[in-house]
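What follows is one structure encoded as structure tokens, with my remarks underneath.
Since we're looking at a predicted model, the values are computed, not measured. Note that these values count all heavy atoms, side chains included, but never hydrogens, waters or copies made by symmetry. Chain identifiers are assigned alphabetically (A, B, ...) following the order of the sequence lines, protein sequences preceding nucleic acid strands; residue numbering begins at 1 within each chain.
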There are 2 protein chains.
Amino acid sequence: MRIAVLREQTANETRVAVTPEVVAKYVGLGAKVAIEKGAGEESRLLDKDYKEAGASISTSAATAVKGADVVLTVRRPTVEQLKGAKKNALVMGMHDPFGHEKEIGALAKAGYALFTMEFMPRITRAQVMDVLSSQANLAGYQAVIEASYAFDRAFPMMMTAAGTIRPAKAFVMGAGVAGLQAIATAKRLGAAVSATDVRPAAKEQVESLGGKFVAVEDDEFKQAETAGGYAKEMSKEYQAKQAELVSAHIAKQDIVVTTALIPGRPAPKLITKAMVESMAPGSVIVDMAVERGGNVEVSKRGEVVDHKGVKVIGYENLPSRLAASASQLYAKNLYAFLETLIDKESQELAIDWEDELVVATNLSRDGAVVHSAFVEKKEA
Amino acid sequence: MRIAVLREQTANETRVAVTPEVVAKYVGLGAKVAIEKGAGEESRLLDKDYKEAGASISTSAATAVKGADVVLTVRRPTVEQLKGAKKNALVMGMHDPFGHEKEIGALAKAGYALFTMEFMPRITRAQVMDVLSSQANLAGYQAVIEASYAFDRAFPMMMTAAGTIRPAKAFVMGAGVAGLQAIATAKRLGAAVSATDVRPAAKEQVESLGGKFVAVEDDEFKQAETAGGYAKEMSKEYQAKQAELVSAHIAKQDIVVTTALIPGRPAPKLITKAMVESMAPGSVIVDMAVERGGNVEVSKRGEVVDHKGVKVIGYENLPSRLAASASQLYAKNLYAFLETLIDKESQELAIDWEDELVVATNLSRDGAVVHSAFVEKKEA
């Protein structure tokens, strides 16, 4: 079994799909691992370390993928990059299929079995394969590092002989994996942290990290809180009251981090231009949803916008700004999944196409798109 | 009594010598405060807020200083900037006199009474005026923020389903005010922190912040530790053993922050080129002594040097990168001193030239340099 690892071609993508540590594990499963030259460079992983772990270094993508049974990537590769891999070779990465149906179709037609890691079900046995969580966790950390770097004051309260500097006020919108890590990091740095989420059940998690949960806590909220989870959408009346509360809260913040994403749909707009303008000059907003259209009206993808003195940070791909950590976790996520597709005796691929994880992540095989989310779409 | 506040002319100097809060206090003492237009802009302090606090806004430095009894600055002004101030006007700032004897001489000759705040004695009643401490504290914080921003991994240990990310290892050289705040900040962010200092007595302070003290703890060390303070220079043998230990320690670090300064002399070289090269690619060094020649052989003033994959950060004036906090404390330090020079009844300057604080900080008056450190130098 041959595994190829490509050097990423996407702009600002510094991650890589294997680490030397994980190469050794693949070799232990009987695989031959070919890595495109310099693939790990931007994650501080050197060709010589891959070699030492048992991989061969290929001078080009074409050499690496030649005869490959499996190709491992971070982002969706092109048909061109995969030329020479075996028919029905597994191509595992974060292929970002929504909105890219055309590219997925072309890769399917070219004969590759695409597996997209973002679709991994959030069930217990797949936790170790959950790339969204592992990367969002780091992104949440990095968002606060970006904010602290851009901010012209200190985060912690400082009690000095000349007087006290008050702690920065940080507000995190959305208490998913990224949001919770942002809360934890801002709290570590000494900020006064608050957070909100559309799920009343998030209150407990926010408070367990030392954050203040910002919500209109009326009867409806209290019922939803005990019902828990994603169970119930709140009434229009509630949403309006909550929006008003959040809007007033934002005006008093130094730092705001927004993390709201809806799978397969544009990010919800949470912060209007007027709300940005309500903040004091020197405040900082980090829009973590900028790749999906953004949570902030004035944010720009890949840029830091200065809107009337408020810095609005819209960097793409925050995990790539922590490449060494991000690649380490991503490579382990990928390994954990691929390992389940390999027969330990024969040391060959042995895929159960009915397996829940395979069904959830497999986009294409035998020259066609097979994933229900896209097949249905086509027929509709 | 007229107080003038200048807009700083030094490159990268974003601080300002008063805040609106402090303007109100000066007005309360009966002073008229004239502020050069835009002086607080880079510290996020607006002319309209100064005005509201009781200051007048002058369209130029010349207008602001006209007839001034006191001129407040951050850095040493030029003779040109002060033209029009009263004879023997107090000029209070951080005038950085060592190595700038010529400029100080010119200002003295032009008839200004310079007070340099860095010379404030470190005694209890002057703590509130201690600009070195207030600014070094912020610089120590910012040094770690710079390091975390440049580093391509996360600082804290992260335990995820896909495995554990080990905490970053951070080493702080010098446990003065800046070093202690760097230790505290790196610790807050979740790094495994160690530190060293030439004073064995620093061990307790480092450990109280959760850092590990790195020292050859032989009998000589133990004696010096209990003797405490700056009391005793260690033997050459001890220094050699200690240097070897530190060198081996640095090779294993992800982050190193150096803070070693000797007043009036070039900074000691603590980290050789070979020691930088002993660190893994991706590691980060912050040289906080870069304005005094640097603690690191390869650092460059005002730059980030990439030396074989190790990033060596040599930004000048770290407090200016936290301008809003830094100005707030600096303005209070200055106020605390100036207040003691003003007679509350007559609301005029009433300086006791024999006062310990005045003697320590006053560089010039009546057209001549008067400070012992410089008068003696001249005669030698």
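- A:Met129 does not touch chain B: none of its heavy atoms, backbone or side chain, sits under 4.5 Å away.
- Inter-residue side-chain proximity for A:Tyr141 and B:Pro156 is flagged as met; some heavy-atom pair is nearer than 4.5 Å.
- Using a 4.5 Å cut-off between heavy atoms, A:Thr124 does not touch chain B at all.
- A:Val128 is not listed as a side-chain neighbour of B:Thr160, based on a closest heavy-atom distance of 4.5 Å or more.
- Residues B:Asp152 and A:Arg321 are not in side-chain contact: their nearest non-hydrogen atoms beyond the backbone lie 4.5 Å or more apart.
- Heavy atoms from other residues, nucleotides or ligands lying under 6.0 Å from CG of B:Asn12 number 12 at most.
- The shortest side-chain heavy-atom distance between A:Arg188 and B:Phe155 does not fall under the 4.5 Å cut-off.
- The candidate with the highest count of non-hydrogen atom pairs below 4.5 Å against chain A, out of B:Gln127, B:Arg44, B:Glu42, is B:Arg44.
- At a 4.5 Å heavy-atom cutoff, the contact between A:Gln328 and chain B is made by side-chain atoms alone.
- For the pair B:Ile145 and A:Leu189, the minimum side-chain heavy-atom distance is below 4.5 Å.
- Using a distance-only test at 3.5 Å, with no hydrogens or angles considered, no donor-acceptor pair links the side chain of A:Arg153 to the main chain of B:Ala323.
- When the candidates A:Ser325, A:Ala336, A:Ser320, A:Ala161 are compared by the number of heavy-atom contacts under 4.5 Å with chain B, A:Ser325 comes out ahead.
- Of the options A:Leu322, A:Asn137, A:Leu329, a side chain to side chain contact (heavy atoms under 4.5 Å, CB included) to B:Ile165 is made by A:Leu329 and by none of the others.
- Looking at A:Ser148, the atoms closer than 4.5 Å to chain B (heavy atoms on both sides) sit in the backbone and in the side chain alike.
- The contact between A:Phe151 and chain B is made by backbone and side chain atoms together, counting heavy-atom distances below 4.5 Å.
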